[in-house]
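Please read the structure below before turning to the comments.
Proteins come first, then strands; the chains are lettered A, B, ... in the order of their sequence lines, and each starts at number 1.
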Amino acid sequence: MARKYWLMKCELEACSFEELKHDRPNSTGKWRGVRNYQARNFIRDEIKEGDWVLFYQSNCDTPGVPGLAQIVREGYPDPSAFDEKNHYYDPKSSPEKVQWYSVDVKWKRKFKNYVSLREMKGTPELADMRVVQRFQRLSIQPVTREHFEIVCSMGGIKVKA
DNA sequence: GCCAACGTTGGC
DNA sequence: GCCAACGTTGGC
């Protein structure tokens, strides 16, 4: 199975790229609380171990991609949905009838240059990338290999894909 | 803090 | 099953 590429949004407040590297065990973050069906389907069905992730920081002064992560654990039931005290609790989900899924991502590589959304919007080759479309809210987006490589080169690194 | 878009909910 | 109301996302 060919390796795939994704863009995953994370609110800066929830976990920055630096926090992922330094503050999480083994530099690995557990992606919890996705409550959108399209994003859920990607997590459950399509995202595979070894896939590359453009780690995207949203809801901050300069939204953009600081670097790369990689999928280290494929879709598994999101435990936050089962926990009544959790903000993401969903009574419609249970271990018997799982609604929502998690993946784990590991910090991989920081770009030499931060690639801001603004720069991506200004790059004609990225015009059909989802993240640059107006009002594109989907928090997990498939990325083509071509777009992935362009973003990496904007970030000043070369990735052997 | 504003506000457009869009997903979800719930009354009918 | 329609659709209005409401909530959330997220750039600006």
Side-chain angles (χ1 to χ4, degrees), chain A residues 4-21 23-24 29-47 51-71 74-105 107-108 110-144 146-156:
Chain A
K4 293 193 289 295
Y5 307 91
W6 305 92
L7 178 144
M8 294 175 67
K9 294 184 188 175
C10 190
E11 295 190 18
L12 189 58
E13 206 181 73
C15 180
S16 72
F17 195 56
E18 288 306 305
E19 274 173 69
L20 179 64
K21 181 179 185 187
D23 302 347
R24 303 290 155 128
K30 298 168 191 300
W31 222 270
R32 299 275 156 85
V34 171
R35 297 291 179 268
N36 168 284
Y37 288 103
Q38 252 187 293
R40 189 278 311 268
N41 293 346
F42 287 137
I43 294 179
R44 190 189 56 189
D45 306 331
E46 302 214 29
I47 296 181
D51 285 357
W52 283 105
V53 175
L54 297 171
F55 187 99
Y56 179 91
Q57 286 176 174
S58 65
N59 256 318
C60 54
D61 288 348
T62 312
V65 180
L68 301 177
Q70 210 164 22
I71 302 295
E74 301 178 5
Y76 61 96
D78 182 345
S80 70
F82 308 142
D83 175 4
E84 276 183 59
K85 288 187 281 296
N86 194 287
H87 175 67
Y88 295 109
Y89 174 63
D90 182 354
K92 294 194 296 300
S93 192
S94 66
E96 294 73 37
K97 199 158 180 280
V98 177
Q99 283 275 349
W100 304 114
Y101 289 79
S102 290
V103 285
D104 292 355
V105 307
W107 187 97
K108 272 294 162 185
K110 186 179 174 167
F111 285 164
K112 288 205 183 81
N113 332 105
Y114 184 80
V115 179
S116 68
L117 176 63
R118 176 197 275 258
E119 283 171 79
M120 290 195 272
K121 285 186 167 175
T123 303
E125 293 83 359
L126 299 179
D128 352 311
M129 201 175 168
R130 294 185 81 145
V131 73
V132 306
Q133 315 293 322
R134 264 187 107 215
F135 308 116
Q136 178 55 68
R137 300 187 309 171
L138 190 59
S139 64
I140 296 178
Q141 307 176 1
V143 172
T144 65
E146 189 193 7
H147 289 160
F148 177 81
E149 286 175 354
I150 293 169
V151 174
C152 288
S153 71
M154 289 166 75

Quiz prompt | salt bridge (Lys or Arg N to Asp or Glu O under 4.0 Å) evaluation trace for A/Asp78 with A/Arg35 | solution = CA-CA 10 Å; A/Asp78 182 345; A/Arg35 297 291 179 268; 3.1 Å; yes
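- Under a cut-off of 6.0 angstrom, the local environment of CZ in A/Arg118 is sparse, with at most 12 non-hydrogen atoms contributed by other residues, nucleotides or ligands.
- Comparing the start and finish of the helix from B/dG1-C/dC12 to B/dC12-C/dG1, five pairs each, the helix axis swings through 10°, to the nearest 10 degrees.
- Listed by residue number, there are no residues of residues 115-132 of chain A with a heavy-atom contact under 4.0 Å to DNA chain B.
- Contact check for A/Leu68 versus A/Val53: no side-chain heavy atoms found under the 4.5 Å cut-off.
- A/Arg137 and A/Ser58 are not linked by any side-chain donor-acceptor pair at a separation below 3.5 angstrom, with hydrogens and angles left out of the test.
- With contacts defined as side-chain heavy-atom distances shorter than 4.5 Å, the pair A/Glu146/A/Glu125 does not qualify.
- Formation of a donor-acceptor pair under 3.5 Å by the A/Gln133 side chain with backbone atoms of A/Ala127 is found in this model.
- Put simply, the side chain of A/Lys108 reaches to within 4.5 Å of the side chain of A/Trp52, judged on heavy atoms.
- Side-chain contact between A/Phe42 and A/Val34 is absent, with no heavy atoms from C-beta onward closer than 4.5 Å.
- A heavy-atom distance below 4.5 Å is not found between the side chains of A/Ile43 and A/Trp6.
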Exercise. Mark up nucleotides 4-11 of chain B, 5' to 3', with B wherever a protein heavy atom is under 4.0 angstrom from a base atom, S wherever such an atom reaches only the sugar-phosphate, and - elsewhere.
Key: SBBSSS--
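- In this structure, A/Trp31 and A/Phe55 have perpendicular ring planes: the angle between them is above 60°, well past the 30° mark.
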